[in-house]
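Please read all numbers here as calculations on a predicted model, not as lab measurements.
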Amino acid sequence: MKSLAASLLAICLCHVALAAPPQQLTTDGRLKRDPVISKPDGSELIYVLLEKPNQLRLMKLSLKDGSVSTVHPDETRSEFEPAVSRDGRFLAFVQNRGNLSLALVIQDLVENKQTEIPPGGGFSGMHSPAISPNSSRVLYSYPEEGRQHLFECSVLAENKKRLVDSEGINNWPDFSPDGQRVVFGSSRDDDFEIYVMNADGTGQKRLTDSSKQDLRPRFSPDGKRIAFTSNRDGNYEIYLMKADGTDQKRLTNRPEQDDCACWAPDGKSLIVVSEHAGRFDLFRIAVDE
C-alpha cells in the first residue's frame, strides 16, 4: 500500500511540475485593460494603459522581444477598447472627445485613413467595438432611449443599424471565427449574463445563469469555446465554457482579480490582465485543449 501511495503521489507531483505557470508579459504594474492580438501571426498585441490620471493610451507590445511603444504618440485624448481585424488592417477604438463624450474611430492601418461615428448628445457614446472576420462590419454598444443597444456599421462607419434592443445594457460583442454568431453580455435579466445570437441579431440565447456578473466574453479561434470574466465565486476570475454554454469552469483562482481575456491565435493560451499585490500586468495563461 505504501508503494502504491508513493506512486500516486509521484504522479500527482509530476502533473503539478508539468503545469505551465503564467508567463508575465509586462512588469510596470500600472493599470491596464482591453488586450487584443494585433498581428495575424500573434506576434503583437495592443492594450490600454492608464498613463496619466486623466489619459488612457493605446500601447503596442511585441511578444517576440517584449518591447512596448505607443500606437498614437501625439494623441492627448483618452483612447480605449481597441479591436483589430483578423488580417491586422483595421483598428477600431473608442476616443474620448471631452466630458464623457465618446466617438467610435475606425482606422485603416494600410492606407493610413480613418473614419468615425461622432458622439451623440449629452454624456454618451460608443463602447466595445468588434470587427467581423471578413472586415466588412463593426459592432458596438450605444445607449438610446434609456437602454444600451448593440449596433452595427460598415468598416467605413456607414449604414448604422440597430441589432439588439432589449432592457438593460448590452455590451462586449464578439464575432465567432466564421462570422455567423456573436457572443455578448447583457443585463436584461438584472445582473450581467452571457448571450449568443446569429450575426444578424436573431436567435438570441442565454448561455450563463449565475447570481453575479458574467462579463467580456470572447470566442476561441476555433469557435468551440468562450472565455469570459465572472465574479460568481466572490472574485473576478477567468472562466471557460463550450460555445453552447455547457461545461463552465474556472480557469484562474487567485485572491486578486483576473480580467479582460483575449485568445492567442493558436487557441492554446489566453492573455489576461492580472492583479498581483495591487499591481496590474499582462500575463499569458495556458489553456488545456
So, do [X] and [Y] sit near enough that their side-chain heavy atoms are less than 4.5 Å apart?
{"X": "L163", "Y": "R137", "result": "yes"}
{"X": "S38", "Y": "K60", "result": "no"}
{"X": "P265", "Y": "P40", "result": "no"}
{"X": "P129", "Y": "V94", "result": "yes"}
{"X": "V196", "Y": "F219", "result": "yes"}
{"X": "S78", "Y": "Q55", "result": "yes"}
{"X": "S186", "Y": "E193", "result": "no"}
{"X": "P133", "Y": "P177", "result": "no"}

Would you find more than 12 non-hydrogen atoms of other residues, nucleotides or ligands less than 6.0 Å from [X] atom [atom1]?
{"X": "N112", "atom1": "CG", "answer": "no"}
{"X": "D247", "atom1": "CG", "answer": "yes"}
{"X": "K224", "atom1": "NZ", "answer": "no"}

Salt-bridged, [X] to [Y], with N to O below 4.0 Å?
{"X": "E51", "Y": "R30", "answer": "no"}
{"X": "E237", "Y": "R250", "answer": "no"}
{"X": "D191", "Y": "K212", "answer": "no"}
{"X": "E81", "Y": "R33", "answer": "yes"}

In Å, rounded to the nearest 0.5 Å, how long is the span from [atom1] of [X] to [atom2] of [Y]?
{"X": "Q23", "Y": "I271", "atom1": "CD", "atom2": "CD1", "result": "8.5 Å"}
{"X": "D281", "Y": "D28", "atom1": "CG", "atom2": "CG", "result": "5.5 Å"}
{"X": "S230", "Y": "L251", "atom1": "OG", "atom2": "CG", "result": "13.0 Å"}
{"X": "D259", "Y": "I238", "atom1": "CG", "atom2": "CD1", "result": "5.5 Å"}
{"X": "I37", "Y": "S43", "atom1": "CD1", "atom2": "OG", "result": "8.5 Å"}
{"X": "L61", "Y": "L45", "atom1": "CG", "atom2": "CG", "result": "4.5 Å"}

Is [Y] reachable from [X] through a run of hydrophobic residues whose side-chain heavy atoms are each under 4.5 Å from the next?
{"X": "I169", "Y": "Y142", "result": "no"}
{"X": "Y47", "Y": "L25", "result": "yes"}
{"X": "F80", "Y": "L91", "result": "yes"}
{"X": "W172", "Y": "F184", "result": "no"}
{"X": "F93", "Y": "M126", "result": "no"}

Give me the atom names and distance for the closest heavy-atom approach of [X] to [Y].
{"X": "Y140", "Y": "C153", "answer": "CE2-SG, 4.0 Å"}
{"X": "S135", "Y": "S85", "answer": "OG-CB, 3.4 Å"}
{"X": "V138", "Y": "V155", "answer": "CG2-CA, 4.2 Å"}
{"X": "A227", "Y": "L240", "answer": "CB-CD2, 3.7 Å"}
{"X": "R284", "Y": "L63", "answer": "NH2-CD1, 3.6 Å"}
{"X": "P119", "Y": "R97", "answer": "CG-CG, 3.9 Å"}

Please check if the side chain of [X] supplies one atom and the backbone of [Y] the other of a donor-acceptor pair under 3.5 Å.
{"X": "D214", "Y": "G185", "answer": "no"}
{"X": "R147", "Y": "N170", "answer": "no"}
{"X": "W263", "Y": "R218", "answer": "yes"}
{"X": "R216", "Y": "C262", "answer": "no"}
{"X": "Q257", "Y": "N231", "answer": "no"}
{"X": "N134", "Y": "S136", "answer": "yes"}
{"X": "E256", "Y": "G278", "answer": "yes"}

(message) According to salt bridge (Lys or Arg N to Asp or Glu O under 4.0 Å), who are the partners of D87, at least two apart in sequence or on a separate chain?
(response)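 If we apply the salt bridge (Lys or Arg N to Asp or Glu O under 4.0 Å) test to D87, skipping adjacent residues, there are no hits.
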(request) Check T252, D258, D233 against Y239 for a side chain to side chain donor-acceptor pair (under 3.5 Å) and give me the one that passes. (result) D233
(request) Tell me, with the steps shown, if F228 and T208 meet side chain to side chain contact (heavy atoms under 4.5 Å, CB included). (result) CA-CA 10 Å; F228 62 100; T208 63; 4.3 Å; yes
(message) Tell me which one of H149, R188, Q148, E152 satisfies side chain to side chain contact (heavy atoms under 4.5 Å, CB included) with V164.
(response)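 Between V164 and the candidates, side chain to side chain contact (heavy atoms under 4.5 Å, CB included) is satisfied uniquely by R188.
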(request) May I have the step-by-step check of side chain to side chain contact (heavy atoms under 4.5 Å, CB included) for R232 and Q248, ending in yes or no? (result) CA-CA 12 Å; R232 61 180 65 182; Q248 297 180 26; 2.8 Å; yes
(message) Checking side-chain polar atoms at under 3.5 Å, does Q107 have a donor or acceptor matched by the opposite partner on H72?
(response) yes
(request) Compute whether any side-chain donor of one residue and acceptor of the other, for S154 and N159, lie under 3.5 angstrom apart. (result)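 Side chains of S154 and N159: no pair found under 3.5 Å.
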(message) Assess the residue pair L58 and V48 against the criterion (side chain to side chain contact (heavy atoms under 4.5 Å, CB included)); give the C-alpha distance rounded to whole Å, side-chain angles, the decisive distance to 0.1 Å, and a yes or no.
(response) CA-CA 5 Å; L58 298 181; V48 175; 3.8 Å; yes
(request) Given side chain to side chain contact (heavy atoms under 4.5 Å, CB included), test R225 with V287 step by step and report yes or no. (result) CA-CA 11 Å; R225 291 182 290 181; V287 178; 3.4 Å; yes
